[in-house]
Engineer: 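Below is the structure I would like to discuss, written out as structure tokens.
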Amino acid sequence: MSDSKPVVTRIAPSPTGSMHIGTARTALFNYLYAKHCGGQFLLRIEDTDRERSTEASVQVIFDGLAWLGLPFDGEVVFQFARAERHREVVLALLDAGKAYRCWLSGDALTDARDKAKAAGHALRSPWRDREPRPEDLAKPHAIRFRGPLNGDTVVRDLVQGDVTFRNRDLDDLVLLRSDGVPTYNLAVVVDDHDMGVTHIIRGDDHLNNAARQTLIYQAMGWDAPDFAHIPLIHGDDGAKLSKRHGATAVTDFATLGYLPEAMRNYLARLGWSHGDAELFSDADAIAWFDIANANKGAARLDWDKLNHVNAHYIRLADDSRLTDLVADVFAARGEPLDDARRAQALRTIPLVKERAKTILELADQLVFVFQARPIVLSEKALGLLTDETRARLVRLSDQLAATNDWSAEGLDSLLKAFAEAESVGFGKFGPALRAILTGGSASPDLHRTLASLGRDEAMARLNDALSPFA
Ligand code: GLU
């Protein structure tokens with residue numbers, strides 16, 4: 001591959017109805033590498049499985065890339081629509097003697113495969129060296145690749161190094177099925193060539209295909225792109241990440257409350273590294289990303305790390321954006337936020353977002369604000385409200401009613417001064433105060449809890465619990 005060619009990468013997902021997180025990482029690596037090199041990142045939808053390739057499952061891919069923030073360049077290429085071009089290339093291979101017509105099917109095919117195996121090589125059809133009769137041509141038949149019998153095919157892989165395949169192990173694969181449908185490896189080569197793809201970065205489950213594809217490139221006299229096969233993502237038990245492990249689809253991670261920028265940062269680190277950098281911006285990732293630094297070993301999805309990265313981006317995120325995301329969570333729970341609650345959420349988020357690892361946790365930390373009055377106290381909370389504590393909280397309540405600084409800082413000072421004046425630690429009244437203010441749901445430090453509720457709501461909750469008629 002000449003170095004002067006502008007870099008073109010692509011992601012070539014098959015629409016399956018969901019976008020696997022491994023596909024997301026492959027897309028990210030291709031995106032980062034293209035942008036690092038000032039090149040282009042293209043999208044091809046491999047929609048040849050007509051049953052699975054519904055409009056909805058294609059849309060899942062568009063939505064997944066959009067959510068991840070990985071815009072592709074140029075027009076989308078749909079593989080199925082290019083079948084005519086694929087057939088044209090198969091006929092060119094046939095004309096050049098690099099492919100042959102084959103009438104092998106059923107038992108004869110099984111026999112030929114068994115014989116080949118016994119002889120220590122992959123399938124070669126007897127039609128490889130047989131001249132078809134005119135009457136054969138009218139009968140349905142496939143077109144197979146005429147693979148080299150001897151020698152090796154070396155895949156020069158930017159991640160795996162040189163990977164050598166014995167040609168005798170690579171069968172004469174079908175290029176065009178007897179029903180006229182082009183096969184996968186052929187279509188991929190033709191499309192990548194026509195799209196000008198210079199680098200193919202994908203999961204290492206495609207390494208075998210790379211050998212077959214290399215042979216097709218050679219047979220067509222085309223330059224093969226550079227390959228980079230990256231290890232698949234594994235779960236924490238070391239097995240390939242699958243539904244069994246829980247979340248696998250991009251939408252699962254969105255639903256669990258991960259931010260796209262956190263996913264980009266985390267996925268970039270999953271199988272690639274730049275020194276010991278863990279948290280970095282998109283601009284850093286683009287500046288640093290070289291596919292040659294991708295790891296050869298399998299990458300494990302580590303939820304603790306992902307949570308750590310997500311927490312970082314939640315802290316950085318704009319509060320009104322977080323309010324929108326949290327509103328989506330409540331809406332999905334069937335409790336949409338009205339304008340008043342949105343305003344409460346917006347006021348509270350800066351006070352609690354330090355502690356949230358996901359948007360779901362952030363939503364949970366707002367529940368205390370939304371409690372309906374009067375809050376029914378649990379047995380445990382009532383147990384905390386001894387006469388002594390109740391009297392103390394009445395004194396505190398008076399001070400709160402009188403303060404004209406309801407900021408978190410002002411309330412912090414007030415509470416500290418109060419504890420000191422009462423000569424007690426927070427433990428003596430904090431738990432009861434918290435129970436009264438929150439009904440026991442998760443909440444931040446007391447001064448932040450009070451500040452989030454706002455004066456009117458906080459005082460009302462205190463009065464509900466402390467009034468002599470409570
Ligand atoms: N369509 C293939 C897949 O979804 C990708 C093929 C490729 O990247 O060459 O696994």
Side-chain angles (χ1 to χ4, degrees), residues 1 7-34 39-54 57-65 68 70 72-73 76-83 86 89 153 155-160 163 165 173 175 181-217 220 222-233 240-243 248-250 267 271 291 294:
M1 181 109 292
V7 164
V8 178
T9 67
R10 53 51 162 193
I11 177 81
S14 312
T16 59
S18 78
M19 187 170 181
H20 192 274
I21 200 67
T23 307
R25 185 189 52 157
T26 303
L28 176 69
F29 279 23
N30 278 286
Y31 169 84
L32 290 176
Y33 189 61
Q40 290 210 309
F41 166 62
L42 307 183
L43 171 64
R44 178 172 72 241
I45 305 277
E46 302 210 320
D47 56 349
T48 51
D49 178 338
R50 299 314 289 160
E51 244 161 61
R52 299 184 92 179
S53 301
T54 58
S57 57
V58 171
Q59 190 61 40
V60 165
I61 296 169
F62 294 142
D63 292 347
L65 289 174
L68 285 160
L70 302 176
F72 54 88
D73 296 304
V76 190
V77 172
F78 289 93
Q79 188 160 63
F80 181 71
R82 292 177 39 81
H86 302 148
V89 171
T153 294
V155 175
R156 300 239 125 89
D157 195 281
L158 297 172
V159 174
Q160 311 287 335
V163 186
F165 295 82
L173 76 151
L175 301 175
V181 173
T183 58
Y184 169 72
N185 278 303
L186 181 275
V188 167
V189 169
V190 177
D191 292 347
D192 283 331
H193 172 263
D194 290 358
M195 290 164 72
V197 170
T198 59
H199 292 75
I200 294 182
I201 303 170
R202 62 186 172 192
D204 65 8
D205 50 338
H206 284 287
L207 192 53
N208 270 299
N209 286 332
R212 300 160 168 291
Q213 292 169 8
T214 300
L215 288 173
I216 299 174
Y217 279 103
M220 284 303 291
W222 292 339
D223 275 345
D226 286 346
F227 290 102
H229 287 94
I230 52 178
L232 300 182
I233 301 176
K240 194 175 133 184
L241 191 71
S242 69
K243 292 228 166 76
T248 50
V250 170
L267 289 175
I291 190 63

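Indexing begins at 1, ligand by ligand and atom by atom, following the structure's order.
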Engineer: Can you measure from CG (D204) to CD1 (I230) and round to the nearest 0.5 angstrom?
Structural biologist: 8.5 Å
Engineer: Pull out every atom of ligand 1 sitting under 4.0 Å from any heavy atom of R202, numbered as shown with elements.
Structural biologist: 7 (C), 8 (O), 9 (O)
Engineer: Tell me whether F62 at atom CZ has more than 12 heavy atoms from other residues, nucleotides or ligands lying less than 6.0 Å away.
Structural biologist: yes
Engineer: If the test is side chain to side chain donor-acceptor pair (under 3.5 Å), which one of N208, N185, T153 qualifies with Q213?
Structural biologist: N185
Engineer: Mind checking whether Q213 has a heavy atom under 4.0 Å from ligand 1?
Structural biologist: no
Engineer: Side chains of residues 21-30: which donor-acceptor partners sit under 3.5 Å, not counting sequence neighbours?
Structural biologist:
| from | atom 1 | to | atom 2 | distance (Å) |
| --- | --- | --- | --- | --- |
| R25 | NH1 | L270 | O | 2.8 |
| R25 | NH2 | P231 | O | 2.5 |
| T26 | OG1 | G22 | O | 2.9 |
| N30 | ND2 | R10 | O | 3.4 |
| N30 | ND2 | T26 | O | 2.9 |
| N30 | ND2 | I201 | O | 2.8 |

Engineer: Quick one: nearest non-hydrogen protein atom to atom 8 (O) of ligand 1, plus distance?
Structural biologist: R10 NH1, 2.6 Å
Engineer: Looking at T16, is its backbone amide N or carbonyl O close enough to the side chain of S57 to form a donor-acceptor pair, meaning the two atoms are under 3.5 Å apart?
Structural biologist: no
Engineer: Do D194 and R82 sit within salt-bridge range, that is, some charged N less than 4.0 Å from a carboxylate O?
Structural biologist: yes
Engineer: Only heavy atoms of S14, strictly under 4.0 Å: list the atoms of ligand 1 that pass.
Structural biologist: 1 (N), 2 (C), 3 (C), 4 (O)
Engineer: Considering only non-hydrogen protein atoms, determine which one is nearest to atom 6 (C) of ligand 1 and report residue, atom name and distance to 0.1 Å.
Structural biologist: Y184 OH, 2.8 Å
Engineer: To which protein heavy atom is atom 10 (O) of ligand 1 closest, and what is the distance rounded to 0.1 Å?
Structural biologist: H206 NE2, 2.9 Å
Engineer: Considering only protein heavy atoms, which is closest to atom 5 (C) of ligand 1, and at what distance to one decimal place?
Structural biologist: A12 O, 3.3 Å
